[in-house]
Structure formats: structure tokens, C-alpha cells
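For reference, the structure is listed below as C-alpha cells.
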Amino acid sequence: MTETVLLIGGGGREHAIARSLASDCDLYACASNRNPGIVALAEGFERVDETDADAIADYAETVEATLAVVGPESALAAGVVDALEDRGVYAFGPKKMDARLETDKAFQRRFMVENDVPGCPDFETFHDIEAACAYVDQYDGDVAVKPAGLTGGKGVKVTGDQVTKEEAKEYLRTEKYERVVVEERFVGEEFTVQAFVANGDVRPTPAVQDHKRAYEGDEGPNTGGMGSYSDAKRTLPFMEERDYEEAVDVLESVVSALPDYRGVLYGQFMLTADGVRVVEFNARFGDPEAMNTLPVLETPFLDVLVAARDGETLPDLEFAPTATVCKYAVPEGYPTNPEAGARIDVDEERVTRAAERVADQSSDDESRDGVGEGLLFYASVEEREDGLYTSTSRSFAVVGLGDTIAAAEAVAADALSAAGDGLRVRQDIGTAELVQRRIDHVTDLRGV
Ligand code: GLY
């Protein structure tokens with residue numbers, strides 16, 4: 001039987017999900033934005049707000065969906081999985097209560113303590129902003145202040161890194177969030193491990209490093225993520241095998257305490273001098289991390305979804321031994337003052353040719369060896385008669401694949417070299433220099 005899968009969401013992450021499913025099923029999609037990459041892969045597309053659970057469930061009934069995949073956290077928080085289930089459609093994503101692992105940071109930390117999930121920081125939660133400010137003052141060391149609810153990855157302020165303690169307090173007083181979490185700051189290197197979870201099974205995927213800061217050298221405000229890389233194995237160059245295993249143990253301990261959890265469980269970890277700590281959990285694929293992970297997944301993603309729905313053991317996952325580098329092109333001024341309306345000059349053919357061009361170049365440069373392919377994933381773009389234009393969010397991402405991170409980076413960099421005026425890219429993501437800085441940082445921390 002051919003499955004009919006409904007994909008919810010219209011970002012780069014969802015374009016990567018669509019690419020990994022389209023040839024194996026009848027794919028339909030719905031989102032608040034019309035992503036041309038998804039529309040080209042899907043048999044039908046409906047413009048629906050991702051938080052309108054009833055409208056999404058109506059569309060699932062119309063297309064007779066046999067499965068659904070939920071991309072964005074806003075849909076999880078709105079109870080889209082629950083609404084689909086009420087209509088008899090299995091959705092790969094946690095129900096609203098379990099999605100609190102991401103949607104409620106205070107719940108997340110309490111859950112960790114109550115269930116002995118390793119890697120939890122010292123923390124306190126507050127309704128009273130002045131009490132939170134007093135805690136920031138009295139805490140012996142730097143802190144991270146976080147609104148308890150969703151902020152698109154842009155709400156966290158870290159003292160001793162982005163802000164001073166005075167600025168953190170001013171931020172809390174200005175924003176007047178209803179609830180905040182103030183927690184110990186972790187120092188180290190961040191990495192992400194995502195796992196497919198259902199029926200009590202946990203199937204981890206290779207580690208990825210995202211880059212949240214807007215500008216090169218990890219400067220500037222936090223963004224939804226400017227790009228990310230993964231290696232041709234499951235660890236990153238600054239990690240040891242035991243660090244990856246520690247992260248997977250954490251994800252498994254979450255699922256032991258939440259045995260009905262299903263969907264992607266995303267762990268954002270900090271590799272510190274004292275081992276692996278949990279920065280946060282998300283209840284869905286990362287964006288951009290999905291664009292690193294799904295292109296190297298050799299096990300059909302549809303097989304995971306079907307096994308999850310049918311209450312079967314999840315398949316063991318196979319991954320190509322391929323490194324990936326993903327770079328987002330964003331409008332000038334993103335994220336604080338984005339300027340929409342710039343023409344986008346990159347298309348799929350240009351990205352494919354980037355891989356060919358790089359492969360053809362002189363092989364005396366080590367980074368040119370082992371080049372794979374280049375992939376283009378659209379995110380938030382505006383379609384006009386004469387082409388695509390930027391909106392105010394991340395526009396599109398290019399993923400380079402290769403035998404090494406350097407080879408993958410060369411493809412992504414070439415593809416983006418003519419992205420168009422009015423777009424900005426973090427050129428440093430995946431470069432040998434930046435990766436070496438990460439390795440040196442961890443070496444320093446570990447004192448070896
Ligand atoms: N890459 C960060 C996130 O998806 O939240």
C-alpha cells in the first residue's frame with residue numbers, strides 16, 4: 001500500500017523532510033508559507049497556519065492521510081498531533097503534554113530532576129521578575145536566563161558571553177516574560193544529537209554542530225541557526241566516542257521516563273570540562289540540523305514512520321559515511337532588522353554545478369578531494385513572476401556533502417558565492433579554521 005503522508009511546516013527543515021519522503025509515498029504538505037521546494041515535491045499543498053490544529057486535521061482528512069510528520073515546535077505546542085490523532089491520523093511528533101519538554105523550559109528542568117536525567121544545571125524558575133533579578137545577582141557565577149515559553153531560539157541571554165549580569169536583568173525587566181528560568185551557564189562546545197523515538201525505541205543520528213550567532217566568529221545576536229556541520233562519522237572532530245555515548249544515554253533516560261514519547265527528540269548538549277551537560281531539549285528536528293542528518297540517512301525515513309505508527313520496533317538506522325556543511329543565506333539585517341525584497345540568484349542547478357565545479361578544480365588542494373553533491377533547501381522566500389525574493393526570515397540553505405568536512409564546505413561556499421545582493425551568509429561555518437578552534441577549545445578545557 002502506498003502511504004499518504006501529510007507534512008506540516010514550510011521551512012528548510014521541512015524541505016529536507018519532504019526530500020527524504022517524496023519518492024517513497026504520496027506526499028502532501030501544509031504551512032503558513034509557500035515553500036517552492038516543498039510545493040515541487042508534494043502532490044498537494046494547502047496554506048494553513050501551523051498552529052491551526054483543526055484546519056490541519058481537516059486537510060489531513062481531505063487528502064486521506066495515513067501518516068503525518070510535524071516539523072515546527074509551534075504546531076506541537078498548538079496540539080496538532082493530538083488533533084490529528086482525534087481524527088485517526090498518526091502523527092510522528094509528541095503530543096502536546098510531551099512536547100512540554102521543549103515548549104516549557106521550567107517543566108524541562110523539573111522533569112530532569114524528578115527523573116534523574118543526567119546533565120541538568122543548577123536552576124530556579126520564577127514568575128516574579130524582581131526575584132529572578134535577585135537570583136542573577138546572588139548566583140556565584142555566570143547564568144543563562146530563559147523565558148519558559150517558545151521564542152524561536154532567540155530568547156536566551158547568557159552572562160559572561162552575550163551580556164553582563166546588569167544587561168540580563170534589564171532584559172528580564174523589559175521583556176516582562178510571564179515565567180523565566182535562570183540557570184547555571186555551561187562553558188564548552190555545543191553539539192546536537194537528534195534521535196527518532198517511538199514505541200520505547202531510541203535511534204540516534206550523527207552529532208551536528210549548529211551556529212546560533214548571527215556573525216562570523218560567533219559574534220552578534222542569536223538567530224534560529226545560521227548553519228551547521230556534521231562529520232563522516234557519528235562524532236564531531238572535537239568529540240570523543242564516549243561524549244556521543246553520554247549524550248545518547250541522556251536521550252535514553254528521557255524516553256525511559258516518558259515511554260509514550262514519539263517523534264524526534266533533540267538534545268542540545270554542551271561538552272564541558274566535566275563532561276556532557278544538557279543545554280536544552282527540543283521535541284522535533286533541528287533547523288538547520290535536519291538538513292545535515294536526512295541527506296545522509298540511508299534507511300528510508302518512511303520505514304521509520306510506518307514502524308512507529310504500527311507499534312513495531314524501529315529499524316536500525318544506516319548513515320552514509322559522508323560529512324555535511326549547511327549554510328543559510330539570510331536577508332541583510334537578520335535577525336534584528338531584516339530587509340526583505342532582495343532577489344535570490346541561487347537555484348538547484350547552480351548548487352549542483354557547484355559540486356561539479358569544486359570537484360573539477362585542482363586536486364592539489366586537500367579540501368577539493370572527496371567532493372559529493374550540493375543540495376538546496378528553501379525556507380522563507382517570496383515568489384514573484386520574475387523569480388524568488390527574500391522575506392524577513394532565513395531564505396534558503398545550501399548543503400555541501402563530501403568525504404570530509406572541508407570538501408563539503410567547499411561545495412557549500414561555491415554554491416553560495418552568487419547568492420545575490422541583500423543576502424548574508426556565515427562564511428566561517430565548516431571551515432578548517434573554525435573546526436580547529438573548536439578542537440583547541442575542547443583540548444584546553446580538558447587540560448590535555
Ligand atoms: N538549531 C536550533 C533549533 O532548531 O532549535
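We're numbering straight along the sequence, starting at 1. For ligands, and for the atoms within them, numbers begin at 1 and follow the listed sequence.
Taking every heavy atom of Asp210 and a limit of under 4.0 angstrom, the matching atoms of ligand 1 come to 1 (N), 2 (C). Every atom of ligand 1 is numbered from 1 in the order shown, and the set under 4.0 Å from a heavy atom of Tyr266 is 1 (N), 2 (C), 3 (C). If you number the atoms of ligand 1 from 1 as listed, the ones under 4.0 Å from a heavy atom of Pro288 come out as 1 (N). Proximity to Gly286 (heavy-atom distance under 4.0 Å) selects the following atoms of ligand 1: 4 (O).
Distance alone, capped at 3.5 Å, places no donor-acceptor pair between the Gln108 side chain and the Glu280 backbone. Side chain of Arg394 to main chain of Pro335: no donor-acceptor pair is present (N/O by atom type, distance under 3.5 Å, no hydrogens or angles). Distance alone, capped at 3.5 Å, places no donor-acceptor pair between the Asp345 side chain and the Ala419 backbone.
Judged by distance alone, the side chains of Gln194 and Thr293 do bring a donor and an acceptor atom under 3.5 Å apart.
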Go through it in stages, so that I can follow the logic: the residues are Thr192 and Glu289, the test is side-chain hydrogen bond (donor to acceptor under 3.5 Å, both in side chains), and I'd like the CA-CA distance, side-chain angles, deciding distance and then a yes or no.
CA-CA 8 Å; Thr192 302; Glu289 290 97 326; 2.9 Å; yes
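For Glu178, the CD atom sits in a loose shell: 12 or fewer heavy atoms of surrounding residues, nucleotides or ligands are nearer than 6.0 Å.
Some N or O of Glu289 is nearer than 3.5 Å to an N or O of ligand 1, by distance alone. Taking only nitrogen or oxygen atoms, main chain and side chain alike, Gln268 does not reach within less than 3.5 Å of ligand 1. Ligand 1 has no N or O atom lying under 3.5 Å from any N or O atom of Glu280, backbone or side chain. Residue Arg284 places at least one N or O, backbone or side chain, under 3.5 Å from an N or O of ligand 1.
Neither the backbone nor the side chain of Thr192 comes within 4.0 Å of ligand 1, counting heavy atoms alone. For His211, no heavy-atom contact with ligand 1 is shorter than 4.0 Å.
Judged by a 6.0 Å distance limit and a 45° cone about the ring axis, Arg262 is positioned over the six-membered ring of Tyr90.
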